Q: 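Take this structure first; my questions come after.
From a predicted model like this one, the values you see are computed outputs, not experimental measurements. Every chain is numbered from 1, with letters handed out A, B, ... down the list of sequences.
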There are 2 protein chains.
Amino acid sequence: MPASTDRPGFRPAPPVRPTMKDVAAAAGVGLKTVSRVVNGEPGVSEDTARRVRSVIDALGFRRNDGARLLRQGARTGSVGLLLEDVADPFYSQLSRAVEEVVRAHGSLLLTGSSAEDSARERELALGFCARRVDGLVVVPTSADHAYLAPELTAGTAMVSVDRPMPGLDVDTVLADNRTGAATGASHLLRQGHRRIGYLGDAPDIYTAAERLAGYREAMAAAGCPVEEPWVAMGRPDPLELRFALARMLTGPEPVTALLCGNNRTTVAVLRELAGRVERPALVGFDDFELADLLAVPVTVVAQDPALMGRTAAELLFRRLRGETAAAQQVVVRTRLVPRGSGELTPPATR
Amino acid sequence: MPASTDRPGFRPAPPVRPTMKDVAAAAGVGLKTVSRVVNGEPGVSEDTARRVRSVIDALGFRRNDGARLLRQGARTGSVGLLLEDVADPFYSQLSRAVEEVVRAHGSLLLTGSSAEDSARERELALGFCARRVDGLVVVPTSADHAYLAPELTAGTAMVSVDRPMPGLDVDTVLADNRTGAATGASHLLRQGHRRIGYLGDAPDIYTAAERLAGYREAMAAAGCPVEEPWVAMGRPDPLELRFALARMLTGPEPVTALLCGNNRTTVAVLRELAGRVERPALVGFDDFELADLLAVPVTVVAQDPALMGRTAAELLFRRLRGETAAAQQVVVRTRLVPRGSGELTPPATR
DNA sequence: CCTCCGTGCGACAACGTTGTCGTCGTGGGT
DNA sequence: ACCCACGACGACAACGTTGTCGCACGGAGG
């Protein structure tokens, strides 16, 4: 835990908030009467209510929901969202969809980015639970999540999105990664490509592994042996990527097409290709803005992050409404969007 | 408030969480001893501590931070972030930066999108305050925010980003919108353009108004009268945009260059231009991914959303640390990034 | 006149935790 | 043998709120 110990040189007497007691005293009424007014309960004369309300405005009183929740033992009306990085367009779209649903249910949203670091994810998740969120929507790292089991049995709803949650049996929303990647690869094969490279994220990430598998399956089904230099997996590092691409695109038998395992990789590859002479065909997994406006519009296997987020959030609230069925898995279909880059044919046939 | 009244047909006895009392009973110790163990306070023998810890693990006990905070009257270690739309890249980058700083201070982040709707913003802000967030980072709508004054005096720190907060004197982080837009316009003027169109967001949005003013200033300084059909302000609506562009680009005296007031407008314009024959020069306000990889790379006036977010969050924590100086305004500079589209010369001179 | 009831309101406990303070037992010093 | 200090622990109040209950008052009905 990153030292919340702000060694406070000198904290200037944090101004205190008025409580119901203060309001009651100022209005010359009992505490409970204020409570009644604040909550719109009956049993208060309009005269008294008016007086109390004016004092409330004058003092700027706001009910302390923490205390309220403690007393009522009710739900907190808040949901935690844990993902890899809010700034990634895939997650930011997912995030918006989740937020929309959460808001529609009158709840508030806590957001945290794990940066793919399981310790950080854990810290955030437990922090959310300590705040007693009603539920958790998680894009889990590959680490074991059994530490969340007590929360689950304690009634905290949980849904996993984009990846399964290892070690915990919860509702899960996934894209059809394997099929999608296979579709992308097949599409390239159909254009006559035989030597197709694959660039993806680190293979400990579920989606990366699934998509790689999809690629391999499609290649195998087409009778195309995959040579190892054609596959590059890892966190998108510009330098590594440059080497990998050089490896794939040069030599006696260069690849004529590329399948990119995700958003960031696709963009990084495009940027790298801009500085090279080769113009391999390219299909990207996951759509991105402006893909259609590039010099060669980019063919993608599009996911639907908004639908995934919405579905996940709705599953969560279904649980919160009391649904007790066994954990289910929802697979959201991907869709091939041909735009040009994936329809380039291999040089020999050009 | 959107009916948090889930008419619960039948709520299946929400499983209860173990409390310290339960742990104490199960471990055969006093309540306070459990508290001591949980908080790592001294005065517990290692034997007892071990026993308590094992019971804690067995029951899956987690301290209830709500109760803790209530008791301690301390800060909640949470910060609210209110912006227009998490899915907008500008805000999602800002958001990440804020989150980073918040995390570094050991706090949690509540996020809410106002969708530019002041009622929704208010609802979210008050919801955050009811949860007793320590501070609020807000991208405010243009509505009056005086309703937050009680929170401010009650000690909730507040910082306004991207726009000033009307009706409330708080630290504010802004981009130099006016200068930036003027720079963009001047850049086009320098290429020989005299008829330059401006497309921006609704003028009740501070940044939109400022940037429009910057454009007008630059035009005036160059002695170029702005004709009204050249200016189109409003929420980005594809159809409106099409009409506006048609108006600007056709007729006897069409504009030869465009200045776009923001991210979304720039992209929408690019998309629209892709279907037209005219190729006006173009400068966009706010950078966006892939701007450099388009057929004609797009010249932009780049903002630094991450710096803005970081600055805002740091100002917030400075206040929380007790800083009491008068509210300050930080202006983050923009930077012209020439990439091609803004260096196109007018047809006459081409 | 008294009774009965409804209305308006306040006292009090409780939610789960922590700060304060008191108690108990042990061990060392005299 | 006695005292005191000290370590280990628990009882209790309090944080701000709400649910329960009871009380006082006034008017209607006998």
Q: Between the main-chain N or O of A/Ser113 and the side-chain N or O of B/Glu99, is there a donor-acceptor pair closer than 3.5 Å?
A: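 Flag set: sc B/Glu99 to bb A/Ser113 pair under 3.5 Å.
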Q: Determine whether a donor-acceptor pair (N or O, by modelled atom type, separation under 3.5 Å) exists between the side chain of A/Asp57 and the backbone of A/Ser54.
A: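 Answer holds: no.
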Q: Could you check whether any side-chain N or O of A/Ser114 sits under 3.5 Å from a backbone N or O of A/Gly112, counting only pairs where one atom can act as donor and the other as acceptor?
A: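 Checked: no pair found.
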Q: At under 4.0 Å, does any side-chain N or O of A/Gln72 touch on OP1 or OP2 of D/dG19?
A: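 True: A/Gln72 side-chain N/O within range (under 4.0 Å) of D/dG19 OP1/OP2.
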Q: Any donor-acceptor pair under 3.5 Å linking the side chain of B/Asp134 with the backbone of B/Val79?
A: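 Checking the backbone N and O of B/Val79 against the side chain of B/Asp134, no donor-acceptor pair under 3.5 Å is found.
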Q: Five pairs per end, C1' atoms only: what is the angle between the end axes of the helix from C/dC1-D/dG30 to C/dT30-D/dA1, to 10 degrees?
A: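 If I round to tens, the end axes sit 70° apart.
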Q: Between C/dT18 atom C1' and A/Leu70 atom CG, what is the distance in whole Å?
A: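 Between C1' of C/dT18 and CG of A/Leu70: 13 Å.
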Q: Name all pairs fulfilling the salt bridge (Lys or Arg N to Asp or Glu O under 4.0 Å) condition that reach into residues 105-114 of chain B, sequence neighbours left out, sorted by first residue then second.
A: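 Qualifying pairs: none.
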Q: In a check of side-chain contact (heavy atoms from CB on, under 4.5 Å) between B/Leu168 and each of B/Val138, B/Asp144, B/Leu148, which one passes?
A: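 So the option named by the test is B/Leu148.
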Q: Whole Å only: how far is the CG atom of B/Leu69 from the P atom of D/dG16?
A: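 Going from CG in B/Leu69 over to P in D/dG16 covers 12 Å.
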Q: Tell me which residues in residues 47-65 of chain A lie within less than 4.0 Å of DNA chain C, going by non-hydrogen atoms.
A: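 Of all residues in residues 47-65 of chain A, the ones placing a heavy atom under 4.0 Å from DNA chain C are A/Thr48.
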Q: Identify which one of B/Gln328, B/Arg319, B/Gln329 satisfies the side-chain hydrogen bond (donor to acceptor under 3.5 Å, both in side chains) criterion when paired with B/Asp171.
A: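 With B/Asp171 as partner, side-chain hydrogen bond (donor to acceptor under 3.5 Å, both in side chains) holds for just one option, B/Arg319.
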Q: Okay, side chain of B/Arg131, backbone of A/Thr76: is any donor-acceptor separation there less than 3.5 Å?
A: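 Pair found, side chain donor or acceptor close to backbone of A/Thr76.
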Q: List the residues meeting side-chain hydrogen bond (donor to acceptor under 3.5 Å, both in side chains) with B/Arg53, not counting sequence neighbours, and say none if there are none.
A: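 B/Glu46.
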Q: Any idea which of D/dT18, C/dT18, C/dG16 is nearest the A/Arg71 side chain?
A: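 The answer is D/dT18, which lies nearest to the side chain.
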Q: For DNA chain C, what residues of residues 19-43 of chain A have any heavy atom nearer than 4.0 Å?
A: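 Nucleic-acid contacts, sorted: A/Val29, A/Gly30, A/Lys32, A/Thr33, A/Arg36, A/Gly43.
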Q: Is there side-chain contact between A/Asn64 and A/Thr19, with at least one heavy-atom pair below 4.5 Å?
A: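 No; the side chains remain at least 4.5 Å from each other.
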Q: Check this for me, if you would: do A/Glu116 and A/Arg163 make a salt bridge, where the nitrogen-to-carboxylate-oxygen distance has to be below 4.0 angstrom?
A: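 Yes.
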Q: Using atom types as modelled and distance alone, determine if a side-chain donor or acceptor of A/Asn39 lies under 3.5 Å from a backbone N or O of A/Glu41.
A: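 Judged by distance alone, no pair lies under 3.5 Å.
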Q: Using a 4.0 Å cut-off on heavy atoms, which residues in residues 126-134 of chain A reach DNA chain C? List them by number, or say none.
A: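 None - not one residue of the stretch has a heavy atom sitting under 4.0 Å from the strand.
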Q: Do B/Arg17 and A/Thr156 have a side chain donor and acceptor closer than 3.5 Å?
A: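 There is such a pair (donor and acceptor under 3.5 Å, judged by atom type) between the side chains of B/Arg17 and A/Thr156.
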